[in-house]
Structures are given as C-alpha cells and as structure tokens.
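All figures in this text were calculated on a predicted structure; none of them were measured in a lab. Each chain gets a letter, A, B and so on, in the order its sequence line appears, and its residues count up from 1. The basis for the numbers below is simple: all heavy atoms, side chains too, and nothing from hydrogens, waters or symmetry mates.
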Protein chains: 2
Amino acid sequence: MSEKKLANYHHGNLKEELLKAAISLLIEHGSGALSLRKVAKKAGVSHAAPYRHFNNKNALLAAIAQQGFVTLEAQISLIAQKFYDLPQKQLIETCVVYVEFVMQSPEIAQLMFGGVLDIASDKALLEASDNTLASLLRVMQKGSQYGLYIKHDPQALTLAVRSLIHGFAMLIIGNQLSSTIDSEQQVRILTRMLCEMLLRGIATNESAINEKLIE
Amino acid sequence: MSEKKLANYHHGNLKEELLKAAISLLIEHGSGALSLRKVAKKAGVSHAAPYRHFNNKNALLAAIAQQGFVTLEAQISLIAQKFYDLPQKQLIETCVVYVEFVMQSPEIAQLMFGGVLDIASDKALLEASDNTLASLLRVMQKGSQYGLYIKHDPQALTLAVRSLIHGFAMLIIGNQLSSTIDSEQQVRILTRMLCEMLLRGIATNESAINEKLIE
DNA sequence: ACCTGAACACCGTTCAAGT
DNA sequence: ACCTGAACACCGTTCAAGT
C-alpha cells in the first residue's frame, strides 16, 4: 500500500489525473452521478485533495468544458482546412462535425452549452469558447468571400447556422427527437437536409412575395 | 402552532403546494439550489412528506416540466388561433413565443429540454411534450395547405423550424450569445430575422446551382 | 508545496411510528 | 390516508495537522 501511495504522493500531474477521472466518470455514469469525492477516489487521493488544483467542483467542470471547446474548435478547423476551397462543403461538414461532437459527448456538451457554468467568469473557458465561435465565423466568412450568401453579414449568417445546428444537436441529446432519429447515418442525412433548407430557403417564391414577413 | 398545522394537516392539495413551492424556488434560486427538503420546508411539511405525492425528486421535476409543456402548447395554440388565416405570421409569432417562453423560464426549459428527465418513461410528461410538438406541426401543416413551402413534408419543415428556434433559444439561456444580445426587443428582431433566413434561404441562386450541396 | 482526516452543513431516500 | 422524526449513505467545502 505505502509503496504506490508514496510514488504518487507528489506526482505533480494530479490535476490531469483528476480531469481524466472526471471525464471517464461523466461518460460512464452521467453528470448526475459525478461527485468530486468519486473523482478523488478514482484518482487515488483523499476527497480534499482536488481543492489543491481546483477552487471548487464547478472549476473542475469548467476545465472539462474548456477541453470540449478546444476539441470542437480543432475539429471545425480541420474541416475548414480539408475543404479549403469548397466553402459550401466546409459549412455542411462543419455542421455534421458539430452534431456528431454533441452526440458523442452529450454530458460534456451540456457543460459547454447548458448554462450551468458562468463562461464569462473563467478566462481560459471564455477564450476556448470564443475560439470555437471564431472558427465557425471563419467558415461563414469564407463562404461570403466566395459570394455564396446573400446580403447578410457573416455575424448574422453564423447566428443562423449556429442556431439551426445547435438546436438540432440539443434536441437530439435532449431526447426530443427519439421518434425521428434511429441511426447515426440518418443524423448525417438530416444534418445535410437542414443545411440545405437554410441555404436555399423553405418558402416558395410566390409566398415570399405575397405575404409580408415583417409587419 | 398547532392551529395552522392541524388546518393544513390533511389539506389534500399538498401536491399543488409542493409544485408551486418548487417552481418559485427554481425561479428564485436556480435549479442548482433546488432541494426536495427546501421544497418541503417552503410548503410547511416535513422533508419526507413529498414522498406521499411524488415517487422521488425527479418525479417532481417531471411534473414541473410537464406544466411547462402545457403552458408552451397553450401559447402556440393561441397564436395559431389569433392568426388563423396568416400562416406565415403564425410561424413567425410561434417562434417568437417559443423563444420568449424559454427566456422567461430558463430553468423550466432546461428541465423540459435538457435531457435530465426521461420523458418517454412518464406518460403525462410524454403526452404534454407530444402535444407541444403537435401544435408546432399544425402551424407548419397550415402553411403547407396555403402553399407556403416548397416540396418538403411538414415533418421535415417542423424539424427545421424547431431546430433553428430551439437552438437560438438554448444559445441565449446557455449564455452563448451574451455579446450579441442586449435587449428583449432585439431578441424579437433576431427571431424574425432567423425565420426570414430559413424561409427565403441564405444562398445566392448562383451558388446553389454552381456547387453541389450533396456530394 | 501537497495531501490527509475529521468536521460541518447539507443532500435524497427509507421506514417505523404517530394522528 | 397522510404526515413525522430518526436514520442511512451520500454530498461540497473547510481546516488543522501531517510529510
């Protein structure tokens, strides 16, 4: 007993260990079952040890969310790079990647987007969040440069795409689409369909002319 | 002491009292601070009393979510009735109402949509959720009858509108749009803008033709 | 500098006992 | 039938004390 304990006593990377332990508990048993004490136990330290590395439980959760934003940003940037000269494909594949990320890590997505954490109060978290948004904005700016979109500025375009795909992803992990969704393949198809609908519109030309949209 | 206590002892509407107490605690102090024991205290009963009326804490939360779905459904149906022969206005005002509901009751919205509750396992909750979705579907069907939309079936149209507006609303309460949003009036404007973008599309005709959307 | 163990004020849930 | 009070196994957080 004492041998392993002594070896780990000042191991220096307890912060990383705690993060890894927390993430694996989160994925295995859900956020409802995640306690700091279990994280500490899983990392092999006392329940008070995490407080050397995180101010409180929320700070640990914020670190997980931050890591989530970094991962998502990397995936979006990878897509942007992969389809450098195909802005419309960039857009669609970015949306696919976004939805797949949320579906693959629903608990982490809830930490990132659920509003429990005060993003603005954590500098590193805010930066990671901003970077993710910036990568999406870049995709839309690219499309604008290619003359892909009508009138609207990239900020508005980003908000529209972001809302659409975020809503779809959150509906999925919120179990609001259980009757609509049955396979991962279908999610890809629906994501593309939604992008197509936003890109081309869902109104007929006649109705768009015949009825005033804004009173 | 005994007078009031005896009067309330078998008051019969403790279930309603508990719900009201829970909702007011939820609104005042957030879901993180909501405990069954505080709810019981606020309702003036012992901490074990709620278990006569709810199987567990989640059952209480499910009842709150159910009530939320009923309220939202009523608001959507009211809009549909108010603009009976203006399907496009129906759509836009429904979206406005949806976003305003979520903004006004973010904690309840999280219960409804956050995925913590297993909606399918609670008959009453599932029914309320289904009714809400049905009211939105009816709005889209109405528009289809009026020839407002191109090709897509009402299910697909509903998914698109729902994703867009749900995403926008959840981004707002998830504090993801703090730099974009500053007033309630602006939310209305942005909601209308997003609806318009989905209705008319964001792609130029040229780009929609020049580049294949689906590989 | 880093971790432990006891302590405190909370939880959700159960259950015998009271009315 | 409905509620109470004690009890249990958990929490997050703090802090003196150990190495």
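- Atom C1' of nucleotide C:dC3 and atom CG of A:Leu18 are separated by 12 Å, given to the nearest angstrom.
- Within a 6.0 Å sphere centred on CG of B:Asn55, heavy atoms belonging to other residues, nucleotides or ligands number 12 at most.
- Remark: P of D:dC11 and NZ of A:Lys41 are 9 Å apart, rounded to the nearest angstrom.
- An OP1 or OP2 oxygen of C:dC10 is reached within less than 4.0 angstrom by no side-chain nitrogen or oxygen of B:Lys38.
- Sorted by residue number, the list of members of residues 21-34 of chain A with any non-hydrogen atom under 4.0 Å from DNA chain C is empty.
- B:Leu137 is not listed as a side-chain neighbour of B:Leu133, based on a closest heavy-atom distance of 4.5 Å or more.
- A donor-acceptor contact shorter than 3.5 Å is absent between the side chain of A:Gln176 and the backbone of A:Met170.
- Between C:dC11 and B:Ser35, a contact under 4.0 Å exists linking OP1 or OP2 to a side-chain N or O.
- Residues from residues 47-57 of chain B with heavy atoms under 4.0 angstrom of DNA chain D, sorted by number: B:His47, B:Ala48, B:Ala49, B:Arg52, B:His53.
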- Query: Given the rule in the side chain to side chain contact (heavy atoms under 4.5 Å, CB included) test, do B:Val97 and B:Leu78 qualify, once you have shown the distances and angles that lead to the verdict?
  - Reply: CA-CA 10 Å; B:Val97 151; B:Leu78 190 67; over 6 Å; no
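- Between the side chain of B:Gln110 and the main chain of A:Gly114, a donor-acceptor pair closer than 3.5 Å is present.
- Listed for the A:Thr158 side chain is a donor-acceptor partner under 3.5 Å among the backbone atoms of A:Pro154.
- Between atom CG of residue A:Leu125 and atom CG of residue A:Leu111 there is a gap of 10.0 Å, rounded to the nearest 0.5 Å.
- In DNA chain C, stems built from 3 or more consecutive Watson-Crick or G-U wobble pairs, each with both distances under 3.5 Å, span C:4-8 with D:12-16, C:12-16 with D:4-8.
- Atoms CD and CZ, from B:Gln155 and B:Arg162 in turn, are 10.0 Å apart once rounded to the nearest 0.5 Å.
- Heavy-atom contacts from other residues, nucleotides or ligands closer than 6.0 Å to CD of A:Glu184 number 12 or fewer.
- For B:Arg37 and D:dA6, the CZ to P distance is 12 Å, given to the nearest whole Å.
- More than 12 heavy-atom neighbours from other residues, nucleotides or ligands sit within 6.0 angstrom of CD on A:Gln186.
- Here the P atom of nucleotide D:dT4 and the CG atom of B:Leu36 are 13 Å apart, to the nearest Å.
- Atoms CG (B:Leu14) and C1' (D:dT4) sit 13 Å apart, rounded to a whole Å.
- We find the CG-CG distance between A:Leu159 and A:Leu136 to be 10.0 Å, quoted to the nearest 0.5 Å.
- What separates NZ of A:Lys15 from P of C:dC3 is a distance of 12 Å, to the nearest Å.
- Rounded to an integer number of Å, the gap from CG of B:Asn58 to P of C:dC11 is 17 Å.
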